[in-house]
Amino acid sequence: MYKYILLLTAISFFGFAQNPLYSKLESQMDYALREASIYAIPKGEKIYPRTVRNDSLILVGSKDWCSGFFGGELWYLYELTGNKKWAAQAENFTLPLEKEKMNAGTHDMGFKLFTGFGNGLRITQNPAYRDILIQAARTNIKRFNPNTGVIRSWDHSRDKWVNPTIIDNMMNLELLFWAFKETKDSAFYKVAVSHANTTMKNHFRPDFSSYHVIDYDPNTGKVLKKNTHQGAAHESSWARGQAWALYGYTMCYRETGKKEYLHLAENIAQYLLKHPRMPQDLVPFWDYDDPKIPHAPRDASAAALMASAFYDLATLQPYKKVYYQNYADQILRSLSSPAYLAPVASAHGMLLFHSTGGLPNGFEIDAPIVYADYYFLEALVRQKNKK
Ligand code: GLY
């Protein structure tokens with residue numbers, strides 16, 4: 001017996017007991033760091049991996065909405081493995097993003113800063129991260145328009161939209177709820193709740209699918225258009241948009257306790273899980289209404305988001321805990337299979353194949369994309385911590 005305990009202690013001390021998937025992910029992320037450094041040399045500020053195009057790793061600068069995900073992935077890898085080297089690398093990819101805290105030209109503040117600094121703060125309690133995030137939240141609420149009740153998403157495409165707000169914007173509210181808890185400044189909470197309520201009213205169809213872009217009159221708040229930018233059609237159901245909605249309202253319920261958000265999140269979950277065109281492996285086609293289904297690309301990023309959201313929903317809805325956890329586990333099994341998980345030393349170190357960024361606009365079609373990897377790792381952390 002004594003020998004057995006000694007053996008177990010030795011195994012966990014030397015890390016032999018580590019989940020083989022985590023070891024594989026560590027090897028692949030080692031490769032990613034090597035590739036990122038090779039590609040970064042001639043490109044100055046562009047150090048953040050985003051995707052792979054024509055077998056080249058595409059790196060972006062801090063302004064890109066995807067700049068925070070790679071650092072966030074490294075924090076999650078540290079959390080999964082306990083290997084300090086990932087925390088050091090996470091800092092290298094998080095700290096240079098600080099300047100974005102003053103950038104009011106985008107709604108993507110949560111995507112850029114809560115991924116790296118947010119996870120870094122949660123894990124290390126570094127007070128400098130806290131100050132950066134509070135400033136980021138202050139900058140972000142400057143985009144709120146009291147007439148519309150929402151944060152304006154984009155400044156581009158002015159020929160099409162006056163005051164566009166996209167379903168993706170729900171994700172940035174987590175930064176605002178956090179800032180309210182930290183500072184007790186109710187402005188953050190009021191903006192986040194107003195945005196969530198207005199989006200709940202205007203973005204959803206009777207079947208609980210979501211539009212992508214709602215354009216508002218900035219003076220009266222009247223809805224001018226219900227459109228898509230990245231989906232198959234204005235009336236179609238763009239897969240990642242549905243996943244942003246599921247994740248967003250689950251998080252809003254976690255942060256506010258408002259039952260209407262829980263009901264909406266559960267209705268979205270039912271819409272997705274019962275969808276006649278949801279594939280058996282639960283990795284959706286990029287748009288549920290693409291007429292080319294089943295000969296249409298998948299979107300692994302939407303699946304990763306759904307898995308992460310289902311683990312969250314499981315903690316919030318105790319009597320359906322196992323139900324949501326089972327679906328999340330099933331998605332992670334699919335994404336960890338050779339059909340989606342890139343072999344070590346392939347895909348320039350990116351983890352998942354088969355995501356779709358913007359099919360109608362001709363970019364990132366059936367490709368590795370950094371946010372798929374980020375939410376995949378987040379879901380693995382949530383799986384590891386599940387009770
Ligand atoms: N937030 C942009 C996208 O989902 O592609």
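Order of listing sets the numbers, starting from 1, for every ligand and every atom in it.
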J.: So, is W65 polar-close to ligand 1, with some N/O to N/O distance under 3.5 Å?
T.: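 So ligand 1 has no N or O lying under 3.5 Å from an N or O of W65.
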J.: Only heavy atoms count here, so choose which of I166, D108, D168, L305 is nearest to atom 2 (C) of ligand 1.
T.: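 Minimum heavy-atom distance to atom 2 (C) of ligand 1 goes to D168.
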J.: Report the relative orientation of the aromatic rings in Y271 and Y288; use parallel for angles under 30°, tilted for 30 to 60°, perpendicular for over 60°.
T.: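 Plane angle over 60°, so perpendicular.
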J.: Looking only at protein heavy atoms, which one is nearest to atom 4 (O) of ligand 1, and what is the separation?
T.: R240 NE, 2.8 Å
J.: By the definition salt bridge (charged side-chain N to carboxylate O under 4.0 Å, His left out), identify the one residue from K46, R50, K112 that meets it with D64.
T.: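 Exactly one candidate clears the test, R50.
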J.: Begin from the C-alpha positions of Y340 and F376 and carry the test ring-ring contact (aromatic ring centres under 6.0 Å, His included) through to its verdict.
T.: CA-CA 11 Å; Y340 296 95; F376 175 54; 9.9 Å; no
J.: Between A379 and A304, which heavy-atom pair has the shortest distance, and what is it?
T.: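 Scanning both residues, the minimum pair turns out to be CB-O, 4.3 Å.
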J.: Could you check whether the rings of W65 and W244 sit parallel, tilted or perpendicular, using 30° and 60° as the cut-offs?
T.: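 Perpendicular, since the angle between the ring planes exceeds 60°.
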J.: So for W238, does at least one of its heavy atoms come nearer than 4.0 angstrom to any atom of ligand 1?
T.: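 So W238 counts as touching ligand 1.
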J.: Give the atoms of ligand 1, by number and element, whose distance to some non-hydrogen atom of W244 is under 4.0 Å.
T.: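 This gives 4 (O) as the contact atoms.
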